[in-house]
Chemist: 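What follows is a single structure, and I will ask about it in a moment.
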Amino acid sequence: MDDLVAPLCDMLVGRRFVALTGAGCSTESGIPDYRGGGRAGPRNPVQHDAFLRRPEVRQRYWARATVGWARFRTAEPNAAHRALAALEAAGHLAGVITQNVDRLHRRAGSRRVVELHGALAEVLCLGCGRGEDRDSVQTRLLAANPGWLRTVGEVQPDGDSELPAEAVAGFAVVACVSCGGQLKPDVVFFGGNVPERTLAAAWELFDRGEALLVVGSSLTVYSGFRFVRRARELELPIGVVNIGPTRADDLTQTKISAPASQVLSNLQRQLVGR
Ligand SMILES: NC(=O)c1ccc[n+]([C@@H]2O[C@H](COP(=O)([O-])OP(=O)(O)OC[C@H]3O[C@@H](n4cnc5c(N)ncnc54)[C@H](O)[C@@H]3O)[C@@H](O)[C@H]2O)c1
Ligand SMILES: [Zn+2]
């Protein structure tokens, strides 16, 4: 592993860098990605406009998410998350821009984290903007739908799960406790936009880096790929740790196709020591 990681280490030594992470950073925590193993993308992703406009789409989302969240919330950070937190504490890493919605970077101790696509742990009211903790919403969902968790489904990457339509039709959705408005997880669905202030925070962090390290992202989604494009324009060194192809493969000499936990632990050991 030392030899495999050496080119990345040479690239990053003496340079403060920013990490751009994706679903591949969390697969070793038991959360599946969308495009690893040759898959083409998510099955049945929730579309932003449909969620806002169609009650049956919200019902299906919350019915499935209630099962998904019960499992998703138990995922723990892995060695890749911990190595990034240690690299930040040692002053090598300026911070993490993540496309993940699982909050595992923060739980591993990373301090400067921009969650580009939000976090499933938070829920917002579409009416009054009130925030509510996902666990609190979960308690209310389970009270309104006793025994729901026995309806077991297959976990999906975004904390969703597969359920038959007839089961979903009987699911009771809960509303905002202040205004009775509709609730939405504070994540960017397909077709939704990254909020302006989140993007501004991401660029501010990006500007603190002298190199960009991509970890576990195919970079298919533009909201992540834009940072690679800018790094390229600025002629910043770009490193990639990803099993499988990415849209940055032609833009870097420093790509390592190996598990993120192993590569980043090794990088941490070489740059920081134990
Ligand atoms: N954990 C999460 O929060 C989560 C999970 C799935 C999807 N998503 C969302 O879906 C979108 C997916 O885009 P993306 O680029 O993040 O993911 P992606 O699924 O498009 O790409 C993930 C890449 O990581 C690689 N990979 C998987 N395990 C790895 C490992 N252990 N080490 C190194 N590489 C590994 C895969 O081969 C794949 O190329 C994101 O925008 C994100 O919001 C989030
Ligand atoms: Zn409200």
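By convention here, the first residue in the shown sequence is residue 1. Just the heavy atoms: all of them, side chains too, but no hydrogens, waters or symmetry mates, feed the values below. Both ligands and their constituent atoms are indexed starting at 1 by order of listing. Bear in mind that the values here come from a model prediction, so they are computed numbers and not experimental data.
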Chemist: Please check whether Val221 reaches ligand 1 - meaning an N/O of the residue sits under 3.5 Å from an N/O of the ligand, judged on distance alone.
Modeler: no
Chemist: Can you classify the ring geometry of Phe189 versus Phe51 as parallel (below 30°), tilted (30 to 60°) or perpendicular (above 60°)?
Modeler: tilted
Chemist: Regarding Ser26 and Asp102, do their side chains bring together a donor and an acceptor under 3.5 Å, going by distance alone?
Modeler: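 Distance-only check passes for Ser26 and Asp102.
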Chemist: Does Asp2, at its CG atom, have more than 12 non-hydrogen atoms belonging to other residues, nucleotides or ligands within less than 6.0 Å?
Modeler: yes
Chemist: Using a 4.0 Å cutoff against the non-hydrogen atoms of Ala258, which atoms of ligand 1 qualify?
Modeler: 32 (N), 33 (C)
Chemist: Ring centroid separation for Trp62 and Phe171, is it under 6.0 angstrom?
Modeler: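 Aromatic pair excluded; centres sit 6.0 Å or further apart.
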Chemist: So, do Arg35 and Val221 sit near enough that their side-chain heavy atoms are less than 4.5 Å apart?
Modeler: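 Arg35 vs Val221: side chains touch.
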Chemist: Tell me whether Ile31 has any N or O atom under 3.5 angstrom from an N or O of ligand 1.
Modeler: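 Looking only at distances, the answer is no, because the N/O contact criterion of under 3.5 Å is not met.
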Chemist: May I have the angle between Cys176 SG and Cys125 SG with its vertex at the Zn ion (ligand 2), rounded to 10°?
Modeler: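 Answer comes to 110°, rounded to 10°.
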Chemist: Under 3.5 Å between some N or O of ligand 1 and some N or O of Ala260?
Modeler: yes
Chemist: Counting heavy atoms only, name the option from Ala80, Ser218, Gly22 that's nearest to atom 20 (O) of ligand 1.
Modeler: Ser218
Chemist: Using a 4.0 Å cutoff against the non-hydrogen atoms of Glu28, which atoms of ligand 1 qualify?
Modeler: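 Listed by number with element: 30 (C), 31 (N).
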Chemist: Which label fits His105 and His81: parallel for a plane angle under 30°, tilted from 30 to 60°, or perpendicular past 60°?
Modeler: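 Taking His81 first and then His105, their aromatic rings stand perpendicular (interplane angle over 60°).
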Chemist: So, 4.0 Å and heavy atoms of Pro32: is ligand 1 close enough to count as a contact?
Modeler: yes
Chemist: Below 30° counts as parallel, above 60° as perpendicular, anything between as tilted: where do the rings of Tyr34 and Phe190 land?
Modeler: tilted
Chemist: May I ask you to check whether Asn266 and Gln262 show a side-chain donor-acceptor distance below 3.5 Å?
Modeler: no
Chemist: Does at least one non-hydrogen atom of Pro259 fall below 4.0 angstrom from an atom of ligand 1?
Modeler: yes
Chemist: Short list, please: which atoms of ligand 1 are under 4.0 Å from a heavy atom of Asp102?
Modeler: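 Those qualifying, in numeric order: 1 (N), 2 (C), 3 (O).
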Chemist: Below 4.0 Å from any atom of ligand 1, is there a heavy atom belonging to Ser223?
Modeler: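 Ser223: no contact with ligand 1 (<4.0 Å).
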Chemist: Give the atoms of ligand 1, by number and element, whose distance to some non-hydrogen atom of Gln99 is under 4.0 Å.
Modeler: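 The list of qualifying atoms is 40 (C), 41 (O), 42 (C), 43 (O).
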Chemist: Around atom CD of Glu233, are there more than 12 heavy atoms of other residues, nucleotides or ligands at under 6.0 Å?
Modeler: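 Yes, because the 6.0 Å sphere around CD of Glu233 holds more than 12 heavy atoms from other groups.
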Chemist: Show your working on side-chain contact (heavy atoms from CB on, under 4.5 Å) between Val194 and His117 and close with a plain yes or no.
Modeler: CA-CA 6 Å; Val194 177; His117 297 163; 4.1 Å; yes
Chemist: At a 4.0 Å threshold, what atoms of ligand 1 neighbour a non-hydrogen atom of Thr27?
Modeler: 27 (C), 28 (N), 29 (C), 30 (C), 31 (N)
Chemist: Given Leu264, Asn242, Leu219, which has its nearest heavy atom closest to atom 24 (O) of ligand 1?
Modeler: Asn242
Chemist: Pairs of nitrogen or oxygen atoms closer than 3.5 Å, one from His117 and one from ligand 1: do any exist?
Modeler: yes
Chemist: Quick check: does Phe72 get an N/O under 3.5 Å from an N/O on ligand 1?
Modeler: no
Chemist: Closer than 3.5 angstrom, by distance alone: can the side chain of Arg208 be matched with the main-chain N or O of Val18 as a donor-acceptor pair?
Modeler: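 Answer holds: no.
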Chemist: Please answer whether the main-chain N or O of Arg112 pairs with a side-chain N or O of Glu88 as donor and acceptor at a distance below 3.5 Å.
Modeler: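 Yes, Glu88 side chain to Arg112 backbone: donor-acceptor pair under 3.5 Å.
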Chemist: Enumerate the atoms of ligand 1 whose separation from the nearest heavy atom of Ser26 is less than 4.0 angstrom.
Modeler: 1 (N)
Chemist: Just to be sure I'm reading this right: ignoring hydrogens, which of Ala119, Pro45, Ser217 gets closest to atom 14 (P) of ligand 1? Compare them by their nearest heavy atoms.
Modeler: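 Nearest option to atom 14 (P) of ligand 1, by heavy atoms: Ser217.
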Chemist: Is it the side chain, the backbone, both or neither of Ile243 that has a heavy atom closer than 4.0 Å to ligand 1?
Modeler: both
Chemist: Tell me which one of Asp33, Ile256, Val101 gets a heavy atom nearest to atom 3 (O) of ligand 1.
Modeler: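 Heavy atom nearest to atom 3 (O) of ligand 1 belongs to Val101.
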